[in-house]
Amino acid sequence: QVQLVESGGGLVQAGGSLRLSCAASGRTFSKYGMGWFHQAPGKEREFVAGITWNGGDTDYADSVKGRVTISRDNVKNMVYLQMSSLKPEDTAVYYCAAAPSGGYYYQLSLYYSWGQGTQVTVSS
């Protein structure tokens with residue numbers, strides 16, 4: 001089973017940028033579809049972005065389209081989430097997750113491995 005560790009979160013002013021990273025262990029990382037989710041206090045965990053095993057397809061939540069880019073490096077076993085024009089409503093814990101099928105999904109239950117999360121706080 002792949003293990004995931006997120007990093008790159010922090011405190012940023014509205015309008016600023018952050019790049020989140022997700023480091024994956026295991027030699028089969030390139031077989032997994034990957035997703036980024038976020039969870040704000042008192043709210044459910046929500047899909048932010050997804051990418052297929054080879055990076056050939058990506059998708060984004062409407063709330064972040066045009067401001068966020070997901071990418072991956074299968075040589076380095078890394079997934080990234082580049083975020084710009086950040087808004088206070090982007091404040092949340094951000095998690096990366098792996099789906100064994102190679103695709104990405106909007107449903108949390110289809111991901112079988114999760115990282116511990118990284119906090120993103122956007123001040124107004």
Side-chain angles (χ1 to χ4, degrees):
Q1 182 172 348
V2 65
Q3 294 184 324
L4 306 172
V5 178
E6 302 94 336
S7 62
L11 174 64
V12 63
Q13 289 187 334
S17 299
L18 280 176
R19 188 177 83 154
L20 306 183
S21 299
C22 174
S25 64
R27 290 176 289 179
T28 58
F29 170 74
S30 61
K31 297 182 180 180
Y32 297 111
M34 298 296 296
W36 281 98
F37 290 76
H38 68 194
Q39 186 167 17
K43 296 187 177 181
E44 295 184 349
R45 195 171 297 187
E46 298 177 331
F47 175 85
V48 175
I51 188 167
T52 53
W53 67 276
N54 63 351
D57 189 23
T58 59
D59 199 13
Y60 301 91
D62 288 343
S63 60
V64 301
K65 277 182 181 176
R67 301 189 297 120
V68 165
T69 301
I70 187 172
S71 61
R72 67 188 297 161
D73 184 332
N74 285 347
V75 174
K76 296 181 178 179
N77 282 12
M78 297 291 293
V79 179
Y80 305 100
L81 190 70
Q82 179 68 49
M83 303 190 295
S84 61
S85 301
L86 283 163
K87 304 175 182 180
E89 51 262 45
D90 294 320
T91 295
V93 178
Y94 284 72
Y95 299 89
C96 66
S101 67
Y104 58 82
Y105 304 93
Y106 306 110
Q107 307 96 311
L108 278 70
S109 61
L110 294 177
Y111 292 83
Y112 87 125
S113 184
W114 293 81
Q116 84 290 346
T118 186
Q119 176 71 47
V120 171
T121 303
V122 184
S123 63
S124 57

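Because the structure is predicted, anything quoted here is derived from the model rather than measured. Basis for what follows: all heavy atoms, side chains included, without hydrogens, waters or symmetry-related copies.
Arg19 contributes atom CZ, which lies 13.5 Å from atom OG of Ser84 (distance to the nearest 0.5 angstrom). For the atom pair CD of Gln82 and OG of Ser71, the computed distance is 8.0 Å after rounding to the nearest 0.5 Å. To the nearest 0.5 Å, the span separating CD on Gln13 from OG on Ser124 amounts to 9.5 Å. Here the CZ atom belonging to Arg45 is positioned 5.0 Å from the CH2 atom belonging to Trp114, to the nearest 0.5 angstrom. Residue Asp59 holds its CG atom at 10.0 Å from CD1 of Ile70, rounded to the nearest 0.5 Å. Interatomic distance, Glu46 CD to Leu108 CG, rounded to the nearest 0.5 Å: 9.5 Å.
With a 6.0 Å radius and a threshold of 12 heavy atoms from other residues, nucleotides or ligands, Gln1 has its CD atom above the threshold. In Gln3, the CD atom is not crowded: 12 or fewer heavy atoms of neighbouring residues, nucleotides or ligands sit closer than 6.0 Å. Residue Lys65 places its NZ atom among more than 12 non-hydrogen atoms of other residues, nucleotides or ligands, all under 6.0 Å distant.
Side-chain contact of Tyr80 with Asp73: a donor-acceptor pair under 3.5 Å is absent, judged by distance alone.
Residues Tyr60 and Arg67 have side chains not in contact (no heavy-atom distance under 4.5 Å, counting atoms from C-beta outward). Proximity of Leu20 to Met83: side-chain heavy atoms (C-beta onward) are separated by under 4.5 Å at one or more points.
Judged by distance alone, with hydrogens and angles left aside, the side-chain atoms of Asn77 form a donor-acceptor pair with the main-chain N or O of Gly26 at under 3.5 Å. The closest donor-acceptor contact from the side chain of Ser113 to the backbone of Val2 lies under 3.5 Å.
No chain of hydrophobic side-chain contacts below 4.5 Å, direct or via other Ile, Leu, Val, Met, Phe, Trp or Tyr residues, connects Met78 to Ile51. Under the 4.5 Å side-chain heavy-atom criterion for ILVMFWY residues, no single connected hydrophobic cluster contains both Leu4 and Tyr111. Under a hydrophobic clustering in which Ile, Leu, Val, Met, Phe, Trp and Tyr are joined whenever their side-chain heavy atoms come within less than 4.5 Å, directly or via other members, Leu11 and Leu18 fall into different clusters. Hydrophobic clustering, with ILVMFWY side chains joined whenever heavy atoms are under 4.5 angstrom apart, keeps Trp53 apart from Leu110.
For the residue pair Pro88 and Ala14, the shortest heavy atom distance occurs at CD-CB, 4.1 Å.
Aromatic rings of Tyr32 and Tyr112 (six-membered ring for Trp) have centroids within the 6.0 Å cut-off, being under it.
For the ring pair (Phe, Tyr, Trp, His ring centres under 6.0 Å) with Phe37, the lone residue among Tyr104, Tyr105, Tyr95, Phe47 that qualifies is Phe47. Thr121 pairs with exactly one of Val12, Thr91, Val93 by the side chain to side chain contact (heavy atoms under 4.5 Å, CB included) rule, that one being Thr91. The one candidate from Glu6, His38, Gln119 that meets the side-chain hydrogen bond (donor to acceptor under 3.5 Å, both in side chains) condition with Tyr94 is His38.
Taking the charged nitrogens against the carboxylate oxygens, Asp90 and Lys87 have no contact shorter than 4.0 Å, which rules out a salt bridge.
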